[in-house]
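Okay, so here's the structure we're looking at.
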Amino acid sequence: MSYYDDFLNFIKERYSKKHMTNENVSGAIASELIVISSLLITALLLRHISVLLTGIVIIILIMLIVSNLPLSIKLFDEQDDSLDKMMFYTVITLGIIVSLIYWSGF
Amino acid sequence: MIEVILVIIVTLIASILTLLQEDLLKVAILSGISAVGIAVLFQILLAPDVALTQAIVGGAITPVFIALAIKKTQRMEGE
Amino acid sequence: MNYLIPLMVIFPIFAALLINLFGKHNKTIKILSFIVAIILPLITLFASYGLHFFGGHKPLIDTNITGLPTYITSTNLYSMHPAITYSFTPLTKVFIFIMCIIVFLSVFSYLTSEKKASGSFLFLVFMGTAAVSAMILSDDLFNMYVFFEIAALVQTGIVIASKAEDNYETALKYMILGSIGGPMLLLGITILLAITGSVNITDIAIIISTVLIKSPISKAVVLFSFALILFGWLYASGFPPFHVIKSSLYSKSESYGSSILQAMSLLTLVAFLIAMARMFYLINIFNGAILIVSIIAMILGVSMAVMQTDFRRMIAYLSVGELGFVGLGFGLGTKFSMTAGLFQGINEMIVTALLFLGLGSVVYLTNTSNIRKLGGLISKSESMAIMVLLGGFAMAGVPPFNGFRSKFMIIHAALLAGYPEVAVIAILISIATFFVFVKALHGIYLKPQPNDLEFVHDSIPKSVIFSVAVLTIMCLILGLYPEIVTVPISQALGGLII
Amino acid sequence: MMISTQLLCLFAAGALIIIGLFAAIFIDNIIKKVVGLSFIEEGVNLFIICLTYKEGGIVPILAPGMNVNWFAQNAAYPLPQALVLTSIVIGASTLAVILALTMFLYKKYGSLSAHEILNNKYDMGDEE
């Protein structure tokens with residue numbers, strides 16, 4: 001249960017001004033599990049390109065995830081309705097899509 | 001060739017200056033200049049009908065829209 | 001020549017202008033828009049399949065002109081399409097018909113539950129219907145781009161016309177982001193136009209697959225244009241990074257508006273997805289790119305939906321996440337999976353409309369959408385609660401509803417194509433969807449009613465219950481007899497994708 | 001390598017698009033941001049017209065008495081030019097809608113800063 005307690009404390013610290021309910025905590029935990037499990041499974045798709053790459057990527061991913069817990073709150077903060085963040089991610093995505101597709105298509 | 005380079009330089013400088021202005025009315029006018037520069041480029045690139053439309057829409061109508069919006073809001077950026 | 005095909009686009013535009021003209025006369029526009037909304041699905045139903053060439057300019061190969069020089073008859077020029085071409089296939093028929101049904105039900109519940117009908121809202125609704133119908137009918141990329149921009153303006157307009165708070169801000173954000181997404185799509189289309197000399201999708205597909213893909217230099221140009229069109233498609237369909245703005249667009253509109261908005265973005269998604277699949281299917285990273293984008297959309301959409309406490313926002317994020325399944329079908333790249341993906345698209349359209357309309361009644365009753373402040377509404381209307389529950393089942397993929405059929409097909413297709421990971425992710429996302437529904441339904445209907453909950457209206461209008469019931473029955477029918485939809489889709493796909 | 005008119009104009013189009021993307025991220029004032037974004041649209045239009053250009057060609061208008069074969073070989077490509085006309089009008093109408101929305105929002109907030117107006121965060125439903 002220590003993970004749950006850590007999580008609860010983290011959220012309480014973060015949103016101490018507002019009242020917390022079970023719904024928020026259960027939602028945050030569910031979202032956390034979904035994000036972690038689906039990211040790891042998605043990384044497995046790389047095995048169609050190279051098995052070694054998959055291993056490296058998964059190890060890096062696990063390290064990143066462990067060092068960034070809890071993910072869901074951070075993701076939530078990144079995806080609020082502010083135009084600055086949306087615009088930033090839009091331009092970044094444009095760059096990533098164009099360069100990745102251009103260089104990996106050959 | 002030299003006139004093409006001149007027009008391009010004017011267009012680009014106008015569009016960069018647009019983004020550096022504090023006074024929003026100057027933004028409207030400079031964006032008009034840059035749009036007219038593009039219209040001249042259209043004429044050089046053998047598209048006279050597009051050049052006409054661009055000169056009217058970009059050089060006159062859009063700056064007027066912006067100027068009207070400024071009149072309803074505020075003129076200087078920092079206020 | 002089949003004149004009912006262009007009528008599908010012209011009639012709603014004409015009706016929209018007429019309704020806007022009578023904007024002051026409440027009774028007139030109510031009757032007028034009701035009649036138009038009835039006629040719209042009928043046009044689709046009675047039109048026969050085929051091509052329509054605007055201005056009658058057929059390709060030279062189809063005309064009776066003889067004595068042309070050999071440099072025309074021996075090249076691609078002979079079979080090129082000079083006119084804007086609309087092609088009406090079983091696939092388009094299914095999509096436009098269901099869109100029209102949703103428009104009818106939304107407009108019907110709008111007209112009966114609001115005392116004063118707003119002419120501008122109805123104008124936007126019919127204009128949007130025309131735009132998305134044209135997009136999915138059109139065989140011409142530039143025509144699609146023009147209607148895509150019209151659809152973006154219409155979506156903004158529907159949000160502006162609503163009474164939700166902060167709607168102007170959301171509309172402005174959408175427009176500002178759109179001024180990056182739209183031009184990039186245009187740039188991609190123009191690069192294709194420059195290298196092939198045509199904007200007709202069939203011509204471009206033939207030229208790319210026979211000539212351009214062979215040489216590395218021209219392939220680079222095709223790849224560049226694919227990247228730009230993919231980016232424009234992300235904006236059109238609300239995949240990440242546009243999922244935040246799209247879901248906030250849905251949640252800031254009236255429930256009638258949201259149900260039409262999501263149908264519009266779904267049709268846009270399908271139209272551009274089919275166009276891209278026809279043009280770029282030979283590029284080796286096409287499937288991979290679509291697959292990755294869809295999976296990211298599913299993960300982000302559903303994980304965000306789980307954390308919301310505003311139920312409109314919840315459904316909005318869910319609908320973005322479920323759109324990922326449509327992309328998933330195309331990303332797997334087999335004909336079976338594409339059929340499954342498009343079938344899922346249809347189900348998604350029906351179910352999300354059901355949920356927006358059904359839960360919109362909660363906003364109608366209490367004027368709030370925050371789950372914290374709600375509770376115990378099952379005492380107000382049991383039938384609505386049950387239908388919303390069934391809708392939630394359909395979206396999460398519980399048998400015997402349509403969502404189960406399409407998701408099962410997608411998972412099956414993923415296993416057949418050799419991607420078990422994709423199947424696992426699809427199942428995970430479905431479970432999360434179900435979780436979201438349990439949370440929302442408990443919060444709205446089953447939790448004890450808070451003392452400070454105030455009611456604006458006393459009961460839900462009968463028309464909304466009727467609309468939701470019709471949509472529920474459609475879910476059930478499609479779940480029991482999926483052949484009604486899957487057979488025409490797979491027939492049409494066989495002809496479209498070479 | 002000789003630098004042609006077409007190549008120069010392509011560079012200009014690219015520069016305009018990049019200026020627009022720069023404005024999208026770094027400019028805060030909404031009116032300036034929108035003007036900057038309209039540069040993306042204009043850059044794309046310029047790009048399209050560049051593609052139709054033919055070195056030493058003529059304007060694609062068929063005057064009476066012109067030899068049709070000679071015209072077909074020398075005229076610029078007219079189809080994209082027709083498309084650009086539509087695109088210009090779309091850009092202008094989008095700009096008009098954005099400016100109208102800006103005017104509404106100015107009444108509400110008394111400011112033109114995108115950071116102040118458009119950053120209203122959506123919390124976990126805890127407001128009020």
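Note that these values count all heavy atoms, side chains included, but never hydrogens, waters or copies made by symmetry. In what follows, chains are A, B, ... by sequence order, proteins preceding strands, each numbered from 1. What you see is a predicted model; the values in this text were computed from it and never measured.
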Subject >> Among A/Ile97, A/Thr90, A/Val98, residue most engaged with chain C (heavy-atom pairs, under 4.5 Å) >> reply: A/Thr90
**OP:** Grab the two heavy atoms, one from A/Val35 and one from C/Ile299, that are nearest each other, plus how far apart they are.
**Re:** CA-CG2, 4.3 Å
Subject >> Residue pair A/Thr42, C/Ile425: steps toward the side-chain contact (heavy atoms from CB on, under 4.5 Å) verdict >> reply: CA-CA 8 Å; A/Thr42 314; C/Ile425 291 175; 3.4 Å; yes
Original post:
About how many Å separate CG of A/Leu94 and CZ of C/Phe231, when rounded to the nearest 0.5 Å?
Top reply: 4.5 Å
Original post:
Are any of the side-chain heavy atoms of C/Ile180 and A/Met87 separated by less than 4.5 Å?
Top reply: yes
Original post:
To the nearest 0.5 Å, how far apart are CZ in A/Arg47 and CD in C/Glu421?
Top reply: 4.0 Å
Subject >> Closest non-hydrogen atom pair, A/Gly27 against C/Val306 >> reply: O-CG1, 3.1 Å
Subject >> Student check: side-chain heavy atoms of A/Leu45 and C/Ile295 closer than 4.5 Å >> reply: yes
Original post:
Got a second to check how far A/Tyr89's OH is from C/His243's NE2, nearest 0.5 Å?
Top reply: 10.0 Å
**OP:** Give a yes or no on whether C/Phe286 atom CZ has more than 12 heavy-atom contacts from other residues, nucleotides or ligands under 6.0 Å away.
**Re:** yes
Subject >> pair A/Met86-C/Pro241: side-chain heavy atoms closer than 4.5 Å >> reply: no
Original post:
Is it the backbone or the side chain of C/Leu428 that comes under 4.5 Å from a heavy atom of chain A, or both, or neither?
Top reply: side chain
Subject >> Which of A/Ser72, A/Ser37, A/Ser31 touches chain C most, by non-hydrogen pairs under 4.5 Å >> reply: A/Ser31
Subject >> For the student: nearest non-hydrogen atoms of C/Gln308 and A/Phe76, plus distance >> reply: NE2-CE1, 3.7 Å
Subject >> Segment of C/Tyr174 engaging chain A (4.5 angstrom heavy-atom cut-off) >> reply: neither
Original post:
Contact part of C/Met184 toward chain A, heavy-atom cut-off under 4.5 Å: side chain, backbone, both or neither?
Top reply: side chain
Subject >> From CG (C/Leu230) to CG (A/Leu100), nearest 0.5 Å >> reply: 11.0 Å
**OP:** Kindly determine whether C/Lys252 and A/Asp81 satisfy salt bridge (Lys or Arg N to Asp or Glu O under 4.0 Å), including the steps that lead there.
**Re:** CA-CA 12 Å; C/Lys252 291 284 183 270; A/Asp81 276 6; 5.1 Å; no
**OP:** Select all residues of residues 50-66 of chain A having any heavy atom within less than 4.5 Å of some heavy atom of chain C, and report them by number, or 'none'.
**Re:** none
Original post:
Looking at C/Val422, C/Leu228, C/Leu300, which one has more heavy-atom pairs under 4.5 Å with chain A than the rest?
Top reply: C/Leu300
**OP:** Hey, could you give me each pair passing ring pair (Phe, Tyr, Trp, His ring centres under 6.0 Å) that has a residue in residues 24-67 of chain A? Not counting sequence neighbours.
**Re:** A/His48-C/Tyr419
**OP:** Taking the side chain as every heavy atom from C-beta outward, state whether C/Pro240 and A/Thr93 have any pair of such atoms under 4.5 Å apart.
**Re:** no
**OP:** Can you measure from OG (A/Ser82) to CD (C/Glu169) and round to the nearest 0.5 angstrom?
**Re:** 13.0 Å
Subject >> chain A contact via C/Leu234 - which portion, at a heavy-atom distance below 4.5 Å >> reply: side chain
Original post:
Got a second to check how far A/Leu75's CG is from C/Met307's CE, nearest 0.5 Å?
Top reply: 8.5 Å
